[in-house]
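Notes follow the structure.
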There are 2 protein chains.
Amino acid sequence: MANPRSRTRPAHTAGVTLQQVARQAGVSLATASRVLHGSGARTVGEELRRRVEAAAEELRYVSNAPAQALARATSNVVGLIVHDVADPYFGAIAAGAMRAAREQRLMVMIAATFREPGLELEYLRSLRAQRARAVILAGSGTTDTEATERLAEEIAGFEADGGRVVCIGDRGPDLDTVAMANRSGGGQAVRGLWELGHRRIGVVAGPSELLTVRHRLDGARRALRGLGAPAAPDAVETGDFTREGGRAAAVRLLRARPDLTAVLVLNDVMAAGALAGLRDDLGLAVPDRVSVVGFDDVPFAADLRPALTTVRLPLEAAGEEAVRLLLDPSGDEPRRVDLPAELVLRGSTAPAAG
Amino acid sequence: MANPRSRTRPAHTAGVTLQQVARQAGVSLATASRVLHGSGARTVGEELRRRVEAAAEELRYVSNAPAQALARATSNVVGLIVHDVADPYFGAIAAGAMRAAREQRLMVMIAATFREPGLELEYLRSLRAQRARAVILAGSGTTDTEATERLAEEIAGFEADGGRVVCIGDRGPDLDTVAMANRSGGGQAVRGLWELGHRRIGVVAGPSELLTVRHRLDGARRALRGLGAPAAPDAVETGDFTREGGRAAAVRLLRARPDLTAVLVLNDVMAAGALAGLRDDLGLAVPDRVSVVGFDDVPFAADLRPALTTVRLPLEAAGEEAVRLLLDPSGDEPRRVDLPAELVLRGSTAPAAG
DNA sequence: AAACGCCTGGAAAGCGCTTTCCATCGCCTC
DNA sequence: GAGGCGATGGAAAGCGCTTTCCAGGCGTTT
């Protein structure tokens with residue numbers, strides 16, 4: 001029964017249709033539709049309802065989502081665009097988003113740009129073609145104004161088509177956004193180090209065109225200035241948003257500025273690399289010789305040795321909030337959710353020597 | 001121009017259709033379709049082709065994928081079902097799959113079961129409703145025969161509808177599968193420890209109903225027997241496939257069997273927990289007092305301290321191969337790709353004392 | 001008892017696209 | 001110069017579903 005004759009059978013041979021279910025139940029197509037996918041706006045008599053359900057069960061009917069999407073002009077698919085699924089930062093956001101999606105019975109279509117800027121645009125367009133009901137832009141915005149503009153255009157098009165867009169992290173004032181406290185986090189990290197007695201604090205940053213990096217750095221600098229840090233030239237090194245990028249940048253930083261007693265790394269993955277670089281390449285003890293603070297508090301941060309002091313961001317919550325925002329039938333006002341950052345002290349920081 | 005009047009505008013107001021493009025270009029719908037989405041089977045004259053393209057550009061036409069899916073009875077969507085996107089194991093697989101998907105211009109719809117067994121079935125069904133062209137089952141199979149059977153039924157249905165299914169890890173002999181060398185890996189880990197002089201080797205395993213766990217454990221046991229390990233009762237503790245699960249199980253194991261000099265943890269995430277448990281809860285030095293070997297070689301394994309000796313699995317490659325298999329127009333023969341495991345020695349293992 | 005409204009069920013018009021037929025047309029072959 | 005053929009464009013029939021109308025059948029209301 002229901003024997004799959006051949007694995008290569010042409011696709012169009014397949015699939016039980018609602019029409020068949022209706023026929024088998026002896027009712028009209030309309031009635032079958034109302035029973036099986038009805039929005040509750042119309043009731044169907046007990047007897048017919050039973051018959052339709054029995055027929056569907058017997059024929060092993062599976063509804064055809066594309067057809068429904070076409071007829072209804074709306075789908076239950078949401079898109080999620082990230083830089084890299086393997087990065088724990090995005091993994092956590094995705095996990096939150098998917099948990100919320102499940103509650104709302106949404107399917108999520110995920111796209112990874114692998115940090116290629118052009119791909120974000122391309123995927124947004126594909127998602128638009130898929131008639132996704134909404135999309136979440138989880139990656140950071142950039143300072144590249146041309147790219148930003150083209151993206152804004154595509155977003156406008158998407159919304160004109162009836163879709164919704166929410167950004168995780170600021171991208172523009174008229175977009176729904178879930179913002180994490182990057183500035184505040186940068187500030188907290190600096191103040192935490194300051195309280196431990198550190199006065200010469202360096203920063204390992206990610207690519208400077210990323211808004212996220214900008215904001216974190218900005219928060220750190222502002223705090224430094226506010227505290228009246230010695231007016232030395234900024235000690236900032238930039239690297240890729242990867243472990244190796246962090247390692248190389250940290251090594252460069254401490255070679256150039258051996259006087260530093262602490263470094264703030266603007267991303268945990270980079271911080272893992274920094275820890276390795278300081279230890280293995282430079283032979284500098286953490287935290288005795290130099291304290292290290294990371295950013296994000298990804299799951300493995302606590303397992304590094306020394307355990308990483310870091311700025312915790314509610315990543316999963318951000319993913320969940322984003323989905324919530326998508327469904328929320330907003331008026332014309334763009335929505336905004338602000339999520340806090342919190343410094344978590346662990347073993348990679350210690351009072352400044354002396 | 002293309003002014004999004006209101007963010008809440010009903011969806012059906014929206015969208016430029018092919019029909020409109022055709023009209024604007026002064027050609028028939030058929031011609032427009034052939035120009036814009038043609039499979040190359042038919043050629044369209046230079047002049048008309050130009051006009052259609054210009055019209056599409058001018059009207060900012062975006063094709064409607066659900067409508068195409070309906071008309072063509074096939075889509076460019078593939079499903080990917082994982083246990084947990086935030087787990088680096090699945091993160092790596094997903095990254096590989098998405099990279100391959102991008103090359104093939106496929107969109108991937110991802111579903112996370114959060115390790116709830118029933119959800120796998122449910123999502124497979126949803127993916128079937130979406131008329132996904134194929135799905136990748138990335139999570140481990142289980143020994144629960146009833147669940148397995150119901151899944152097999154759903155898979156058969158999916159294939160009868162013209163879809164393809166690829167499993168990562170064995171699920172059944174008649175399914176396309178990408179298999180990683182779990183047994184061999186378990187064996188290699190044990191032999192590695194043996195060569196270091198360890199004779200009393202314990203195992204921290206994940207949930208025993210998971211096939212992956214079974215295979216890894218099986219490989220380890222077989223190696224142990226082959227090497228003529230002392231016929232003591234097996235020292236195996238089981239825990240959740242999480243950091244905390246690994247921590248608790250490792251603590252239990254070493255409390256019950258303080259004579260062990262080495263433990264193989266069947267998953268890196270659990271191994272991170274085990275390292276913490278041995279150090280913080282039991283005060284046992286790794287690797288001096290007890291050596292630890294993990295499994296998977298997820299990215300952070302090398303950053304743990306001591307760096308984790310582990311069995312490396314080509315996770316990304318598995319994801320890529322899975323997608324490749326999906327597209328490969330197989331005959332009726334189920335395909336199979338075998339991927340090797342390799343023991344990577346790092347700091348968490350040392351020669352047995354004495 | 002006539003008129004009204006409500007509740008159910010069905011017919012049928014799409015939703016946006018692909019693809020199969022036809023119809024042309026210019027060109028080549030014998 | 002008639003018959004054929006390949007290349008090109010269009011008409012129209014769906015793909016599987018939702019939803020708007022309509023048509024009856026009842027129970028109420030005056």
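Reminder, nothing fancy here: chain letters follow the sequence lines and each chain counts from 1.
Between Ser63(B) and dC17(C) there is no side-chain polar atom (N or O) within less than 4.0 angstrom of OP1 or OP2. Distances shorter than 4.0 Å separate some side-chain N or O of Ser33(B) from OP1 or OP2 on dT18(C). Applying the 4.0 Å criterion to OP1 and OP2 of dT18(C), one finds that Gln68(B) has a side-chain N or O inside that range. For dG16(D), the OP1/OP2 oxygens have no side-chain nitrogen or oxygen of Thr17(A) closer than 4.0 Å.
Of the residues near DNA chain C, Arg42(B) and Val62(B), the one whose nearest nucleotide (by heavy atom distance) lies more toward the 5' end is Val62(B). Heavy-atom nearest nucleotides on DNA chain D were determined for Glu46(B) and for Leu70(B), and the one closer to the 5' end corresponds to Glu46(B). For the pair Leu29(B) and Asn64(A), nearest-nucleotide mapping onto DNA chain D gives the more 5' position to Leu29(B).
Atom CD in Gln20(B) sits roughly 8 Å away from atom P in dG16(C) (whole-Å rounding). Atom pair Arg23(A):CZ and dG16(D):P shows a separation of 11 Å (rounding to whole Å applied). Between the P atom of dC15(C) and the CG atom of Asp161(A) lies a distance of 16 Å, rounded to the nearest Å. The nearest whole Å value for the distance from the OH atom in Tyr61(A) to the P atom in dG16(D) is 10 Å. Atom CZ in Arg72(B) sits roughly 11 Å away from atom P in dC17(C) (whole-Å rounding). Counting to the nearest Å, the P atom of dG10(C) and the CG atom of Leu18(A) are 13 Å from each other. Atom CZ of Arg131(B) and atom P of dC15(D) are 14 Å apart (whole Å). In this structure, the CZ atom of Arg51(A) is 11 Å from the C1' atom of dG9(C), given to the nearest Å.
Counting atom types as modelled, Arg34(A) pairs a side-chain N or O with a base atom of dG10(C) as donor and acceptor under 3.5 Å.
The only option from Arg49(B), Arg51(B), Glu57(B) that meets the side-chain contact (heavy atoms from CB on, under 4.5 Å) definition with Glu53(B) turns out to be Arg49(B). Of the residues Val78(A), Leu80(A), Leu106(A), the one that meets the side-chain contact (heavy atoms from CB on, under 4.5 Å) test with Val323(A) is Leu106(A).
The side chain of Thr31(A) lies closest to dG10(C) when the candidates are dC17(C), dG10(C), dA12(D).
Classified by interplanar angle (parallel below 30°, tilted 30° to 60°, perpendicular above 60°), the ring pair Tyr61(B)/His37(B) is tilted.
Residues Leu124(A) and Leu151(A) have side chains in contact (heavy-atom distance under 4.5 Å, counting atoms from C-beta outward).
Side-chain N or O atoms of Asp87(B) include one that pairs as donor or acceptor with a backbone N or O of Tyr89(B) at under 3.5 Å.
Backbone-only engagement by Leu48(B) is indicated by non-hydrogen atom pairs under 4.0 Å involving sugar-phosphate atoms exclusively.
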